[in-house]
Amino acid sequence: MSTTSAPTILTGLRVNSEFTLGNFLGALLPMVRLANSHSNKSHINIFVPDLHSIIAEVDGELQQNLIKSLKYYLAAGLELTPHVHLYRQSRVPAHSELCWILNCVASMGELNRMTQYKDKSEGKDNVNVGIFDYPVLMAADILLYDAVYVPVGEDQFQHLELTRRLAQRFNNHFGEIFTLPAEPKDQIKFMNLSEGVRIRDLQNPEKKMSKSAAAENSKIMLSDDPTAVKKKIMSATTDSVGKIQFDMFNQPGISNLLQIEAIVTGLPLQDVISTWAGETHYGDLKQKVAESVSAFLATFQAKLAEIPDSAVLDLLAAGETYANKVANAKLYQVQKAFHLR
């Protein structure tokens, strides 16, 4: 039962550290485009999951990164309509309270089966409870706003399925209070993607580009000097095939460069592939991608510098007023169901 007059699309990106070009091109930019195409008929909730962020570490730069991450959305062209809401997870207390209530609906067995928990706890004797309980807080983030579409990566689909199970279990017992988010296959269809865009590690293209990678030449950060970044691309690992073609399985390095070129220039991937079809000089492709990425970063960083912190703080104040109103109304329904009100 929705508390809003329009359907809700919800998304959030953790802000523990600087974003890579992969984070931006693979997650943030597609979300901005999706938001702009739907904000006239849907509520677009873009929240900063700062409570999720402290699961891994307590970072003294969290607030600075938080403001910067929201500037990224604006610099990427997010259109600020009345249906676009920016807010911090920690400034809406209903997230934490609903998480506790959903903990009383979830089972230990379900959370033990979460792949991300298994991966992050493997070989460790002391794992904080936040890592174990992360999916339940994510469920609260979604269910408070009757969010139907939650653009997430494939690694989060298991958490989305858990959200659906918890909502259905609650509804079966207490009535139709929660809206179930769409199934992962329908989320992909809605996002109009056959699969998520994954920008690869420049030195090891078998892996995705990661901000935690030790090798600086393996990743491009949004804060990198536009001129210096050319060296990273010129040193990118390719292959010995000797032919430029898009084949992520056999030529992931070359395919990654073609994909980057398409996204930063705004050209259809197929057009970029066709332009380079049959070419054999990898250096020429690297040089072209290096120039395109350098130009992209220079333009993006200039836009970023023009956005004052005060503009972001004003947007957060308005967004948190909206988010608290909607979330508190949903939480009250849940509290009544549990005879807490």
Side-chain angles (χ1 to χ4, degrees), residues 8-16 23 26-27 31 45-58 62 87-124 126-174 177-188 190-191 196 208 210 212 323 327 330-331 334 337-338:
T8 296
I9 302 168
L10 180 142
T11 188
L13 289 176
R14 287 177 63 182
V15 294
N16 291 60
N23 297 140
M31 184 59 219
N45 285 19
I46 298 175
F47 78 104
V48 178
D50 47 357
L51 294 176
H52 286 299
S53 295
I54 64 172
I55 288 173
E57 59 189 51
V58 179
L62 179 61
Y87 57 95
R88 290 162 287 195
Q89 185 186 36
S90 65
R91 302 303 177 94
V92 186
H95 286 248
S96 300
E97 184 161 351
L98 182 58
C99 176
W100 174 256
I101 293 174
L102 290 177
N103 278 334
C104 300
V105 177
S107 72
M108 293 284 288
E110 286 175 312
L111 299 184
N112 269 320
R113 290 192 292 273
M114 295 293 108
T115 302
Q116 282 204 9
Y117 169 68
K118 291 179 180 178
D119 291 345
K120 292 178 180 179
S121 62
E122 185 177 6
K124 297 179 181 178
N126 187 17
V127 180
N128 73 60
V129 176
I131 292 175
F132 181 74
D133 204 33
Y134 177 104
V136 182
L137 179 56
M138 179 174 167
D141 299 334
I142 296 167
L143 297 176
L144 278 171
Y145 304 95
D146 293 313
V148 176
Y149 294 109
V150 189
V152 294
E154 186 179 345
D155 59 343
Q156 295 287 323
F157 283 172
Q158 192 181 28
H159 296 170
L160 195 58
E161 291 285 14
L162 175 68
T163 300
R164 287 172 50 82
R165 284 200 307 275
L166 295 180
Q168 189 62 66
R169 189 176 304 155
F170 186 95
N171 288 350
N172 288 342
H173 192 75
F174 295 110
I177 291 178
F178 289 133
T179 295
L180 272 67
E183 297 180 40
K185 62 181 179 63
D186 294 324
Q187 300 278 354
I188 293 173
F190 174 74
M191 289 184 281
K208 72 176 182 178
S210 171
S212 61
K330 179 63 66 177
L331 179 62
V334 175
F338 270 92

Which pair of non-hydrogen atoms, one from Gly130 and one from Asn128, has the smallest distance, and what is that distance?
N-OD1, 2.9 Å
Return the CD to OG1 distance between Gln156 and Thr115, rounded to the nearest 0.5 Å.
11.0 Å
For residues Ser121 and Ile131, determine if any side-chain heavy atom of one lies less than 4.5 Å from a side-chain heavy atom of the other.
no
If I compare all heavy atoms of Phe178 with all of Ala167, which pair ends up nearest, and what's the gap?
CB-CB, 3.9 Å
Value for CD1 (Ile54) from CG (Leu62), rounded to nearest 0.5 Å, stands at 8.5 Å
In the structure I gave you, are the side-chain heavy atoms of Leu180 and Asn171 within less than 4.5 Å of one another anywhere?
yes
Gap separating the CD1 atom of Ile142 from the NE2 atom of His95, nearest 0.5 angstrom:
11.0 Å
Between the side chain of Gln116 and the main-chain N/O of Gln158, is any donor-acceptor distance below 3.5 Å?
no
Between CD on residue Glu161 and CD on residue Glu183, distance to nearest 0.5 Å:
6.5 Å
Looking only at heavy atoms, which two atoms of Ala182 and Leu160 are closest? And how far apart?
O-CD2, 3.9 Å
Would you compute the distance between atom OG1 of Thr163 and atom CE of Met138 and round it to the nearest 0.5 angstrom?
5.5 Å
Backbone of Val148 reached by a side-chain donor or acceptor of Gln187 within 3.5 Å
yes
So, taking the atom named CG in Leu166 and the one named CD in Glu110, what distance separates them when rounded to the nearest 0.5 Å?
5.5 Å
Shortest non-hydrogen pair, Ile9 vs Pro151, comes out as CG2-CD, 4.0 Å
Quick one, Leu143 and Leu102 - any side-chain contact, counting heavy atoms below 4.5 Å?
yes
Keeping Asp133 on the side-chain end and Val129 on the backbone end, is there a donor-acceptor pair under 3.5 Å?
no
Applying side chain to side chain donor-acceptor pair (under 3.5 Å) to Thr8 and Asn45, what does each step give before you reach the verdict?
CA-CA 7 Å; Thr8 296; Asn45 285 19; 5.0 Å; no
Just wondering, do Asp141 and Cys99 contact through their side chains at under 4.5 Å, heavy atoms?
no
Minimal non-hydrogen separation, Ala337 against Phe174, with atom names:
O-CE2, 3.1 Å
Can you find a heavy atom in the side chain of Lys330 that is under 4.5 Å from one in the side chain of Tyr145?
no
Are side-chain heavy atoms of Phe132 and Met114 found at a separation under 4.5 Å?
no
So, do Ile177 and Phe170 sit near enough that their side-chain heavy atoms are less than 4.5 Å apart?
yes
Ignoring hydrogens and angles, tell me if any N or O in the side chain of Arg169 forms a donor-acceptor pair with the backbone of Val105 under 3.5 Å.
yes
Closer than 3.5 angstrom, by distance alone: can the side chain of Asp50 be matched with the main-chain N or O of Ser53 as a donor-acceptor pair?
no
Using only atom types and a distance under 3.5 Å, with no angle test, would you say the side chain of Gln89 pairs donor to acceptor with the backbone of Phe47?
no
